[in-house]
Q: 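What follows is a single structure, and I will ask about it in a moment.
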Amino acid sequence: MTEQYARIIIDISHEKVDRTFDYRIPERLSEEVSVGSLVLIPFGKGNAMRKGYVVGITPHADYDKDKIKEIAGIVTDSVTAESLLISLAWWLKEQYGSTMNQALKTVLPVKQKIKPKEKKILRCLLKPEELKKALEEAERKNYKARFRLFQAFMESPMIPYEIAVNQMNLSSATLKPVIEKGLITLESEEVYRNPITLKKSHAQHVLLNQEQQTIVDAFQRDYSENIRKTYLIHGVTGSGKTEVYMELIDRVIQEGKQVIVLIPEIALTYQTVMRFYGRFGSRVSIINSRLSAGERYDQFERARNGDIDIMIGPRSALFTPFSRLGLILIDEEHEGAYKSEVVPRYHAREVAEKRASMQNASLVLGSATPSLEAYTKALRGEYSLFLLTERAKKDSRMANVWVADLRQELKEGNKTIFSRPLKEKMEERLAKKEQIMLFINRRGYANFVSCRSCGDAIRCPHCDVTLTLHNNRSLVCHYCGHTIPMPNECPSCGSPYIANFGVGTQKIEQMTKKMFPSARILRMDLDTTKKKGGHEEILTAFSEGEADILIGTQMIVKGHDFPNVTLVGVLAADLSLYTPDYRGAERTFQLLTQAAGRAGRDEKPGDVVIQTYSPEHYAITTAASQDYPAFYEQEMVFRRMMKYPPANVLLTIQFSSKNEEALISASEAVAAYVTPLAEKEMVQTIGPSEASVYKINDIYRKILYLKHVNYDILIKIRDQIDGFSENRPDLFDLVLIQYDFS
DNA sequence: AGCACGCCGACT
DNA sequence: GTCGGCGTGCTC
């Protein structure tokens, strides 16, 4: 057998050693060492033993053979959670296409600087007058580093080691002799960072209604019979999903197991957090993106030590190092935030399924508007489906929904942004001193073109997605590249009233002020929430009745309960409907359903007015009748016909480069390489075409799509493309290839 | 992170 | 000259 070398990452703690090192695999370990193993290796001048992760194995090391050292041994007694997460990293790498390095970084919390558990402190042992003398001596002898050190000790007798090294730019070369002379000491001190001190749980068990109890009972029965599976709770807005979650969590931690709760970042409000603390006390930990790296690391450390049972957080909380995991819960399962935007582009739902199966845990998904992916699996019987159809709060009923046809309004001479039904209802609420929310479901680049007379958006004849306006002159399909010149009149009805769609929140605010001069108006968008806490501030002000009308984008329809809101107006439902990708209808249905759920949360009945140019579109009619199954059926017909997910798996291959020619030749070479393979496997290929924003920061991007029903076949093709690109550095040197499955 | 190397000023 | 501090670069 030939010699084998392992490519190893030394811990992952420090940026400077954040790359791979090659080590020889000794004969005696050749069986045990594989990608993903945790090994012990001598490192650096002193050959200090360190932990390392094997990220690859090759027969040729690209390093001077004489200098390569051997792996010393395998770490077997590693904490179970850690090795489990490493195998999860391996799975991520295989599944989503990333390097092992990237996968490991996703899965293991990056230690920041010093080990936070025992913080190192420098303490001065000199008396004040001795210190003064030492300082003078250092100055006289021009010992600059030492002078800085003693100067700092004049201020305070103790200095954190971290500060000394990073801020004061002192190196161990300076400190070591000073320590040896006995002038100062280096000691480590237990650090008590922010253990959450909150009142103990006053187990306020709420009384569950029949529907809620059914779910809890079924789950309990399965759990005690050691049946682990995935449950989908489809519960209308306000049906009390959180109470059900609490009961399930309670049950699981009673067994001595641990729970991970995923919440989309935007929904992580103060209210939600307090509910969990109130029920489970200090056994809960919460992470969010505002937590510093150190605090985040601490929370993971507490989880590893078994100090907590419940971790709540966004997608990254999925990698909490729990060794006795019993349940993963994903709230608002349909949210886009569960898909990672960076490599590995994993979906939290899929990773949660994998992790749950690895640790014999259950998975619970909850949503008012389940993703088509989850609902499909539920209908197939892969998930257990539960329904919550009633609002949990007594006397609160679902809102009445009205659809206002903007085409009709225009025909009858109303050129304002308020349809007559919406205007009437707004006047009525203002008179009654009830509150109104105006919702603009705008999102990203909504540069599509539609007709104000007939409501049709101009679509690609091959892909059935809207075309995107480029430079006001041409319309382009971002799936296949189909291009037509911008027409002067509507292709369906000949009306000249066609234009690109898009209104800003500021403009809406102005128009609302003009129409209702006496109303007090709050606006919530990126501008007004930029400063920290702005988000919460505005919502609080509104809920305390400081304004009559709240205008905003998606962010106003999440979380918060506003008992006095009895009218929700969706100004232009088409904005999310005709985005240039296949998910427009799904997103629209979700947003409308959520917006509708905001109205009438208390005894007062609520009204919702949806304004649209396409009142007959199924996403709007089914949202108006609040009929999810009907929406699902219709949308799936479209997805099946066009072979879009979840009917098929869609592999998106993105090529990016600063060099446009290299990008074009690389993407075309891959397309040419893939075509015969795809034909053999019956895989449909589309493109390469330009990405929706072709050039960002001088980087050009092209996209190639592959569609097939079978995930594994696409993974196989992806791996072949990977091999192809590695063998052709001439073509791919300047081009980055990224894969994304959906 | 931790170690050593080489530069540079200070002192016998 | 040489001693010793200081900053930098490398570690398979």
Side-chain angles (χ1 to χ4, degrees), chain A residues 2-26 29-30 33 35 37-75 99-101 104-105 108-122 134-153 159-184 186-188 293-294 297:
Chain A
T2 52
E3 273 188 324
Q4 292 283 301
Y5 298 91
R7 201 143 283 170
I8 289 171
I9 296 177
I10 313 298
D11 216 310
I12 49 162
S13 52
H14 223 78
E15 283 296 314
K16 282 170 194 148
V17 286
D18 181 22
R19 58 198 181 86
T20 58
F21 293 87
D22 292 347
Y23 281 82
R24 206 187 321 278
I25 303 174
L29 292 175
S30 63
V33 175
V35 176
S37 358
L38 191 52
V39 293
L40 224 55
I41 40 163
F43 186 70
K45 302 280 152 73
N47 279 337
M49 283 300 170
R50 285 170 176 281
K51 272 201 279 184
Y53 305 104
V54 179
V55 297
I57 291 180
T58 60
H60 342 269
D62 40 355
Y63 194 74
D64 189 349
K65 298 265 188 295
D66 301 330
K67 288 186 188 164
I68 289 187
K69 298 175 186 173
E70 277 195 351
I71 293 175
I74 285 219
V75 182
T99 64
M100 189 63 191
N101 201 337
L104 273 175
K105 278 194 192 159
L108 299 173
V110 175
K111 277 185 229 164
Q112 292 284 321
K113 306 198 173 103
I114 52 143
K115 282 198 181 107
K117 208 169 73 179
E118 38 174 29
K119 191 172 181 174
K120 285 194 274 185
I121 297 253
L122 292 169
L135 183 72
E136 277 161 10
E137 190 194 341
E139 187 174 21
R140 190 161 35 83
K141 292 191 174 175
N142 212 357
Y143 297 172
K144 288 189 203 121
R146 218 174 269 197
F147 181 73
R148 285 201 298 276
L149 176 69
F150 289 132
Q151 213 173 27
F153 276 130
I159 300 167
Y161 187 74
E162 187 195 347
I163 305 267
V165 171
N166 294 313
Q167 257 102 288
M168 294 163 58
N169 199 20
L170 296 167
S171 67
S172 57
T174 310
L175 296 171
K176 221 175 149 192
V178 191
I179 293 167
E180 274 164 13
K181 279 185 197 160
L183 306 182
I184 65 171
L186 179 60
E187 37 196 74
S188 50
Y297 183 77

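So that the names make sense, note that chain A is the first sequence line, chain B the second, and so on, each numbered from 1. Note that the structure is predicted; figures quoted are calculated from it, not measured.
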Q: Counting only side-chain nitrogens and oxygens, does Tyr143(A) get under 4.0 Å of the OP1 or OP2 atom of dG5(C)?
A: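 No.
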Q: Return the residues of residues 145-153 of chain A meeting this criterion: a heavy atom under 4.0 Å from some atom of DNA chain C. Order them by number, or give none.
A: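 Within residues 145-153 of chain A, the residues near DNA chain C are Ala145(A), Arg146(A), Arg148(A).
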Q: Atom NE2 of His60(A) to atom C1' of dC12(C): distance rounded to whole Å?
A: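 My rounded result for the distance is 17 Å.
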Q: To the nearest 0.5 Å, what is the distance between CG on Leu29(A) and CD1 on Ile74(A)?
A: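 Going from the CG atom of Leu29(A) to the CD1 atom of Ile74(A) covers 6.0 Å.
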Q: Minimum heavy-atom separation for Pro26(A) and Ile71(A), please, with both atom names.
A: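 Closest approach of Pro26(A) to Ile71(A): CG-O, 3.5 Å.
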Q: Salt bridge (charged side-chain N to carboxylate O under 4.0 Å, His left out) with Asp64(A): which residues, sequence neighbours excluded?
A: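 Applying salt bridge (charged side-chain N to carboxylate O under 4.0 Å, His left out) to Asp64(A) gives none.
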Q: Quick one: NE2 on His60(A) to CD on Gln4(A), what's the gap to the nearest 0.5 Å?
A: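 Those atoms lie 9.5 Å apart.
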Q: If every non-hydrogen atom of Val33(A) is compared with every non-hydrogen atom of Ile57(A), which pair is closest and at what distance?
A: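 Taking Val33(A) first and Ile57(A) second, the nearest heavy atoms are O-CD1, 3.7 Å.
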Q: Would you verify whether the NZ or CZ of Lys65(A) falls within 45 degrees of the ring axis of Tyr5(A) while also being under 6.0 Å from that six-membered ring's centre?
A: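 Ring-cation test returns yes.
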Q: Using every non-hydrogen atom in the two residues, find where Ile8(A) and Gly52(A) come nearest and quote the distance to one decimal.
A: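 What the structure gives for the nearest pair is CG2-CA, 3.8 Å.
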Q: Does Tyr63(A) lie flat on the base of dC12(C), that is, centres under 5.5 Å apart and planes under 30° off?
A: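 Base of dC12(C): stacked against Tyr63(A).
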Q: Can you give one letter per nucleotide of nucleotides 4-12 of chain B, going 5' to 3': B for a protein heavy atom under 4.0 Å from the base, S for sugar-phosphate only, - for none?
A: S----SS--
Q: So that I can tick it off, tell me whether Glu136(A) and Arg140(A) are bridged by a salt bridge, with the cut-off set at under 4.0 angstrom between side-chain N and carboxylate O.
A: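 Salt bridge between Arg140(A) and Glu136(A), a charged N being under 4.0 Å from a carboxylate O: no.
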Q: Take the protein atom NZ of Lys69(A) and the nucleotide atom P of dC12(C), then report the distance between them rounded to whole Å.
A: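 In whole Å, dC12(C) P and Lys69(A) NZ are 3 Å from each other.
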